2 protein chains.
Amino acid sequence: MASGSLKSNVDLLLMGVLRHGPAHGYAIIASLRERSDGGFELAEGTIYPALHRLEQAGLVESSLQTAQGRRRRTYALTARGRKEFSAQRREWQGFVASMEAVIA
Amino acid sequence: MASGSLKSNVDLLLMGVLRHGPAHGYAIIASLRERSDGGFELAEGTIYPALHRLEQAGLVESSLQTAQGRRRRTYALTARGRKEFSAQRREWQGFVASMEAVIA
DNA sequence: CGGCTATGCCTAGCGTGGCGAGGTATGGCG
DNA sequence: CGCCATACCTCGCCACGCTAGGCATAGCCG
C-alpha cells in the first residue's frame with residue numbers, strides 16, 4: 001500500500017465498492033485490491049470497524065447469512081448511503097483539485 | 001476547509017509551497033490558502049509541528065530572522081527535500097489513480 | 001497613552017482512525 | 001490429521017490533525 005495515505009477515505013472506498021451491489025467483508029477487500037490494481041490492500045482491522053461505523057451511521061445495512069457452511073455478513077448500501085457517497089465523492093474531488101493546485 | 005481532514009498530506013503540501021522558495025510559517029499558511037483558492041485553511045497547530053518534523057527529517061532547514069522588529073523562522077527546502085517531494089508527489093498521484101478506479 | 005488587531009511563533013493534550021496482532025470457526029486438500 | 005484459505009471480530013498502539021492556550025511586537029485609531 002502506498003504508505004498508508006488512506007487516511008479517512010476508507011468510508012468513501014467502501015461505499016464505492018458497495019454501490020455496485022451487496023458484498024461481504026472479505027469480498028470487499030478483494031474487490032478493492034482488484035479495482036485499484038493492487039494499490040489498495042486494506043487490513044481486516046481497517047475495514048470491519050469501518051463497516052460497523054457505516055452501519056451505525058445508517059449508510060449501510062447488513063444481514064447475516066450462511067453460504068457453504070460459512071458465516072457471512074453481507075453489507076448493502078442504503079439510500080442515505082448512496083447520497084452520502086455522492087457527497088463525499090464531490091468533497092474528495094474538491095480536495096484533489098486543491099492538492100493539484102499546490103503540488104502540480 | 002472541506003470537512004477538516006487533511007488526510008496526512010500536510011508534509012507534501014508544505015514541500016509543495018516551499019519548492020517555490022523559502023517562506024516562514026504564517027506565509028506558508030497564507031500561500032496554501034491562496035493557491036488552493038480557500039480550500040486549505042491549515043491551523044498553526046498543524047503546520048508548526050509538521051515543519052519541525054520535516055526539519056528533523058532533514059527535508060527542510062530553517063533560520064531565525066528579524067524583519068520589521070518581528071521574529072521569523074524562515075524555512076527552505078533542502079536537496080533531500082526536493083527529492084522527497086517528487087517521490088511523495090508520485091505516490092500521491094498513484095493514490096489518486098487508485099481512488100479514481102474505485103469511486104469514479 | 002491605551003486598547004485592539006494583526007503578525008508571528010510555539011506546545012500540551014484530546015480525539016480519531018488505520019492497522020498489527022491475536023482470537024474464533026468452518027471447509028477442503030494432500 | 002495438519003495446514004491453508006475463507007470469514008468474522010476486537011484490543012490496543014501510535015501517528016497526527018487540530019483546539020486551545022500562551023508569549024511577544026507592530027501599527028492603527030481615538
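These numbers were taken from a predicted model, which means no experiment stands behind them. Here is how names work: the chains are called A, B, and so on, in the same order as the sequence lines, proteins then strands, and each is numbered from 1. Values below: all heavy atoms of this structure, side chains included; hydrogens, waters and symmetry mates excluded.
- In this structure, CZ of A/R53 is placed 9 Å from C1' of C/dG18, rounded to the nearest angstrom.
- As a whole-Å value, the separation of A/I47 CD1 from C/dA21 C1' is 16 Å.
- A side chain to side chain donor-acceptor pair (under 3.5 Å) with A/T74 holds for exactly one of A/H24, A/E61, A/Q65; it is A/Q65.
- Counting only heavy atoms from C-beta outward, the side chains of A/I103 and B/Q88 never approach each other to under 4.5 Å.
- Note: CG (B/L14) to C1' (D/dG17) measures 12 Å, nearest angstrom.
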Are any protein N/O atoms closer than 3.5 Å to N/O atoms in nucleotides 23-27 of chain C? If there are, list each pair with its distance.
from: C/dG27; atom 1: O4'; to: A/R70; atom 2: NH2; distance (Å): 3.4

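- A/G25 comes within 4.0 angstrom of sugar-phosphate atoms only, judged by non-hydrogen atoms across all strands, and of no base.
- Protein atom CG of B/L51 is 14 Å distant from nucleotide atom C1' of D/dC16, rounded to whole Å.
- The phosphate of C/dC9 (OP1 or OP2) has a side-chain N or O of B/Y48 nearer than 4.0 angstrom.
- Atom OH of A/Y26 and atom C1' of D/dC9 are 13 Å apart (whole Å).
- Applying the 4.0 Å criterion to OP1 and OP2 of D/dC9, one finds that A/R72 has every side-chain N and O outside that range.
- In this model, the phosphate group of C/dT11 is approached by a side-chain N or O of B/H52 to a distance below 4.0 Å at OP1 or OP2.
- Protein atom CG of A/L54 is 13 Å distant from nucleotide atom C1' of C/dG17, rounded to whole Å.
- B/S31 places no side-chain N or O within donor-acceptor distance of the main-chain N or O of B/A27, the cut-off being under 3.5 Å.
- We find that CZ of B/R73 is positioned 10 Å from C1' of C/dC10, with the value rounded to whole Å.
- Candidate nucleotides C/dC9, D/dA7, C/dG17 were compared by shortest atom distance to the side chain of A/H24, and D/dA7 ranks first.
- For the atom pair CG (A/L18) and CG (A/L13), the distance works out to 11.5 Å, reported to the nearest 0.5 Å.
- Contact check, A/T46 against C/dC19: a side-chain N or O comes under 4.0 Å of OP1 or OP2.
- By the 4.5 Å heavy-atom criterion applied to side chains, A/L51 and A/I28 are counted as neighbours.
- Distance CG (B/L12) to C1' (D/dG17): 16 Å, rounded to an integer number of Å.
- Judged by distance alone, the side chain of B/T66 and the main-chain N or O of B/R71 form no donor-acceptor pair under 3.5 Å.
- Closest approach to the B/A43 side chain among C/dC9, D/dC9, D/dT19 is made by D/dT19 (side chain taken as heavy atoms from C-beta onward).
- The side chain of A/S8 places no N or O atom within less than 4.0 Å of a non-bridging phosphate oxygen (OP1 or OP2) of C/dG17.
- By the 30° and 60° cut-offs, the orientation of the rings of A/Y75 relative to A/H52 is tilted.
- Both A/Y75 and B/V10 sit near DNA chain D, but only A/Y75 has its closest nucleotide nearer the 5' end.
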